[in-house]
Amino acid sequence: MSDAVPSHFIRDIILEDIKSGKHDGRVQTRFPPEPNGYLHVGHAKSITINFGLAEEFGGLCNLRFDDTNPSKEEVEYVDSIIEDVRWLGGDFGDRMFYASDYFEQIYQWAEQLIQKGLAYVCDLTGEQVRETRGTPTEPGTESPYRSRSVEENLDLFRRMRAGEFPDGTRALRAKIDMASPNFNFRDPVMYRILHAHHHRTGDKWCIYPMYDFAHGQSDSIERITHSICTLEFEDHRPLYDWYIQQLGIYPPRQIEFDRLSITYTLLSKRKLLTLVQDKHVSGWNDPRMPTISGMRRRGYSPEAISNFCKRIGVSKTNGTTELQLLEYYVREDLNKHALRVMAVLDPLKVVIDNYPEGQVEHMAAVNHPEDESAGTRTVPFSKVLYIEQDDFREVPPPKYFRLSPGREVRLRYGYFITCTSVVKDAAGKVVEVHCTYDPATSGGNAPDGRKVKSTIHWVSAEHAVDAEVRIYETLFAKEDPNDVPEGADFTVNLNPKSLDVQRAKVEPSLRGAAAGSRYQFERLGYFAVDADSTLAVPVFNRTVALRDAWAKIEAKA
RNA sequence: UGGGAGAUCGUCUAAUGGUAGGACAGCAGACUCUGACUCUGCUUAUCGGGGUUCGAGUCCCUGUCUCCCAGCCA
């Protein structure tokens, strides 16, 4: 199997630049989040591209906060972003920057454009600006303030900075072309007045640069060679280049790639914030969230997320990746690293009638079938056990291999048992299964070589630890959560069954398991220990279920 | 109906004028003390119409469809 990940157009561009000696072979990228929310798997793609490319070509990737709009930004977000980037393996060393570090320089550049007659202070209200911007087919109309003198503009802009004017009363605009087919050229706002407390600069500033007047310059200051962003900024690139050119500063090259979309998943910070604020989820790190912190809590490994991001490729095609592909990489990585244990989610009592009362045996169990170095542990075996409800059928359907009256199965690492009878409650439901065991099959080995069709997991009733298990389904019931009826919003697609909390019986080795550790509950799925765990009651999040061939057979029948 | 960007199996993605390949998903089987993992095999695609060429997914013309843009958000 070839694991080679094919190249992509951005890597090809870098390759060409290196070949032509464009930046003396230097590669400098950056990951530039706005600290207005938690990072999600879409950002993981960007992190993988930016840090990955830098590493691949012996370059560097900076972490830079695009913190030009204090009204939406918070230190909580800054802290979470740093943690998440590091967790994903993004190595930014000590190169952690903020656009706000550059505010003074950016301000000076704005004055420079005023001096060149390329920027003016406009007294139009936001609404008036919108009204005069024109439409796709009609040019906009020029602001009456467009022809102010350099001196007046400079004076007004300095007074804007000095705090003389209330929010929204004036703005600094670039003087470009109100008839441009590209709206970004219709005299874009460079600075707005915002008397807001900034999480880093405090109250030092009451005017803040817009994204377009900060991003390219920040890239330039950091000598970014390749400024990689998503497709919706394609229309901004001409403006990005225009500012750089008018300022005569180092020109990075902006390159756009397609934003990640995943089925059953929403990747919009604004909408994720809504889910948090309206308490549809427990927080940004709810295990159902597509955030990095949510995935971490759910048990996704950084390697799995990274492998996924490498494999989906980089293109300019707007597509939607199937959730199953992400889950494949999660299973692939967890299969390699998660230790195996036994847990019963939906217990059914089994009594082994011929097993000595009060006897306990400690059966040896391997921790990882494909990694001998993971060692072994023991699991207590006794007369009364729990098995999974699903592993017993009084009337077995076709192709059902598990326990049923008269049938022999293997208890993993235990014994072969044969079902002899059942006990039912008043409603006719089987509440207890009686079996006999074959003492010659200790450890699950049959000395006579006889085969059973099934091996099932179990826990000893007396020794089992009660645990809470949280089973997750997709947060949204619809493949495209944004596909809503007229007038409705995306929350109508929320999946009411996305969280199912169950009481489970787990093997005693799991008592006191460390939060964050990941296990495979054999035959069930991968589970991660949640920080909500106590010594008395461990709490597990189901990361992802194992593939289940029987479920498919059964579903078809 | 302006501008920008796209269109290859169900999905994502290769092929840079020369055998349309891979991964996931699906189907069938082998193996198995996890109906897991692994392994084997199979199904399925170049948006339409013209043209250039010995040869076109790729080049040209034309049509269609999809996404983005009228924040003092990023």
Side-chain angles (χ1 to χ4, degrees), chain A residues 1-8 12 32-34 36 66 68-69 71-72 122 124-127 129-131 133-140 167-173 180-186 188-194 207-208 210-212 214-215 229-238 256 258-259 263 269-270 311-322 324-329 331-332 335-336 340 342 365-366 369-370 399-402 410-414 443-446 451-457 520-525 546-553:
Chain A
M1 185 176 74
S2 169
D3 271 6
V5 176
S7 189
H8 54 73
D12 293 344
E34 183 188 15
N36 66 344
D66 231 332
T68 56
N69 183 2
S71 62
K72 291 185 175 178
C122 180
L124 255 27
T125 64
E127 198 177 336
V129 169
R130 189 179 348 118
E131 284 163 358
R133 181 136 28 222
T135 69
T137 50
E138 300 160 309
D167 289 4
T169 53
R170 285 176 223 267
L172 183 71
R173 292 226 261 166
S180 173
N182 183 343
F183 280 105
N184 295 309
F185 272 34
R186 312 254 273 209
V189 171
M190 294 162 59
Y191 266 90
R192 73 284 215 188
I193 302 173
L194 219 50
I207 57 171
Y208 291 92
M210 298 288 290
Y211 166 86
D212 285 308
H215 199 92
C229 62
T230 42
L231 249 25
E232 67 270 25
F233 292 103
E234 276 174 328
D235 287 341
H236 293 249
R237 182 172 7 107
E256 310 86 12
D258 60 321
R259 183 181 274 281
T263 53
K269 269 200 227 168
R270 201 196 93 235
R311 267 297 177 173
I312 51 176
V314 181
S315 72
K316 293 173 86 83
T317 315
N318 260 310
T320 303
T321 300
E322 289 174 341
Q324 297 159 110
L325 186 63
L326 209 207
E327 293 186 331
Y328 170 82
Y329 286 103
R331 287 195 191 97
E332 180 192 55
N335 177 52
K336 270 185 278 193
R340 315 288 129 121
M342 292 198 285
V366 309
E370 290 159 34
K399 292 187 184 167
Y400 186 84
F401 301 153
R402 284 110 95 146
R410 171 169 35 232
L411 293 174
R412 186 140 162 98
Y413 304 125
N445 306 300
K451 304 278 189 202
V452 285
K453 296 271 279 197
S454 181
T455 299
I456 65 177
H457 61 276
Q520 184 196 97
F521 289 1
E522 293 212 44
R523 303 207 306 132
L524 297 175
L546 251 29
R547 285 183 44 154
D548 189 346
W550 165 243
K552 278 184 194 168
I553 294 168

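Chain naming here is simple, since letters A, B, ... match the order of the sequence lines and numbering starts at 1 in each.
When heavy atoms are screened at a 4.0 angstrom cut-off, A/Arg133 is found touching the sugar-phosphate backbone but no base atom. At a threshold of 4.0 angstrom between heavy atoms, the contacts of A/Glu522 include nucleobase atoms, whether or not backbone atoms are also involved. Looking at heavy-atom distances under 4.0 Å, A/Thr68 makes contact with sugar-phosphate atoms alone, never a base. Within 4.0 Å (heavy atoms only), A/Ile207 reaches no atom of the nucleic acid at all. Within the nucleic acid shown, A/Phe233 comes within 4.0 Å of at least one base atom, counting heavy atoms only. A/Tyr413 comes within 4.0 angstrom of a nucleotide base, judged by non-hydrogen atoms across all strands.
A/Lys451 places its NZ atom 11 Å from the P atom of B/rU34, with the value rounded to the nearest Å. Across the protein-nucleic acid pair, A/Leu524 atom CG and B/rG35 atom P stand 10 Å apart, rounded to whole Å. Following rounding to the nearest Å, A/Ile553 (CD1) and B/rG29 (C1') show an atom-to-atom distance of 13 Å. Taking atom CG of residue A/Asp548 and atom C1' of nucleotide B/rA36, one finds them 9 Å apart after rounding to whole Å. One can place NZ of A/Lys336 at 16 Å from C1' of B/rA36, the figure rounded to the nearest angstrom. The OH atom of A/Tyr328 sits 9 Å away from the P atom of B/rA23 (whole-angstrom rounding). For the pair A/Asn445 CG and B/rU32 P, the interatomic distance rounds to 14 Å; values are reported in whole Å. Taking atom CZ of A/Arg410 as the reference point, atom P of B/rG35 lies 10 Å away to the nearest angstrom.
A/Arg130 contributes no side-chain N or O that forms a donor-acceptor pair with the base of B/rG71 under 3.5 Å. A/Asp235 contributes a side-chain N or O that forms a donor-acceptor pair with the base of B/rG3 under 3.5 Å. Not a single donor-acceptor pair, N or O on each side, falls under 3.5 Å between the base of B/rU38 and the side chain of A/Glu370.
Salt-bridge check for A/Glu256 with A/Lys316: passed, with a basic side-chain N closer than 4.0 Å to an acidic carboxylate O.
Taking atom P in both B/rG22 and B/rG41, the straight-line distance is 11 Å, to the nearest Å. Across the P atoms, B/rC72 and B/rA7 are found 32 Å apart, a figure rounded to whole Å. Rounded to whole Å, the P atom of B/rC69 lies 39 Å from the corresponding atom of B/rC27. For the C1' atoms, the distance linking B/rG10 with B/rA25 amounts to 7 Å, nearest Å. Rounded to whole Å, the separation between the C1' atoms of B/rU13 and B/rU8 comes to 9 Å.
Side-chain atoms of A/Asn182 come within 3.5 Å of backbone atoms of A/Asp235 as a donor-acceptor pair (strictly under, hydrogens ignored). The closest donor-acceptor contact from the side chain of A/Arg186 to the backbone of A/Ser180 lies under 3.5 Å. Without hydrogens or angle criteria, A/Lys72 side chain to A/Glu34 main chain gives no donor-acceptor distance under 3.5 Å.
Here B/rG57 is in the anti range [glycosidic angle more than 90° from 0].
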Quiz item: Taking only Watson-Crick and G-U wobble pairs with both distances under 3.5 Å, what dot-bracket line describes RNA chain B, where [ ] shows pairs that cross earlier ones and | shows pairs with another strand?
Solution: .((((((..((((....[..)))).(((((.......)))))....(((((..]....))))))))))).....

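Both thresholds, 5.5 Å between centres and 30° between ring planes, are met by A/Phe401 relative to the base of B/rG35, so the two rings are stacked. In this structure, the aromatic ring of A/Trp550 is positioned over the six-membered ring of the base of B/rG35, centres within 5.5 Å and planes within 30°.
Nearer the 5' end of RNA chain B, as judged by each residue's closest nucleotide, is the contact made by A/Arg340, out of A/Asn69 and A/Arg340. Position along RNA chain B of the nearest nucleotide to A/Arg170 versus A/Arg547 favours A/Arg547 as the more 5'-ward residue.
OP1 or OP2 of B/rU32 has not a single side-chain nitrogen or oxygen of A/Lys453 nearer than 4.0 Å. At the phosphate of B/rC73, neither OP1 nor OP2 sits under 4.0 Å from any side-chain N or O atom of A/Lys269.
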Polar pairs (N or O, both sides) under 3.5 Å between protein and nucleotides 8-14 of chain B?
unit_1: B/rG10; atom_1: N2; unit_2: A/Glu322; atom_2: OE1; d: 3.0
unit_1: B/rU11; atom_1: O4'; unit_2: A/Glu322; atom_2: OE2; d: 3.2
unit_1: B/rU11; atom_1: O3'; unit_2: A/Thr320; atom_2: O; d: 3.1
unit_1: B/rU11; atom_1: O2'; unit_2: A/Thr320; atom_2: O; d: 3.0
unit_1: B/rC12; atom_1: OP1; unit_2: A/Thr320; atom_2: N; d: 3.1
unit_1: B/rC12; atom_1: O2'; unit_2: A/Ile312; atom_2: O; d: 2.8
unit_1: B/rU13; atom_1: OP1; unit_2: A/Ser315; atom_2: OG; d: 2.6

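With sequence neighbours left out, the ring pair (Phe, Tyr, Trp, His ring centres under 6.0 Å) criterion links A/His215 to A/Tyr211.
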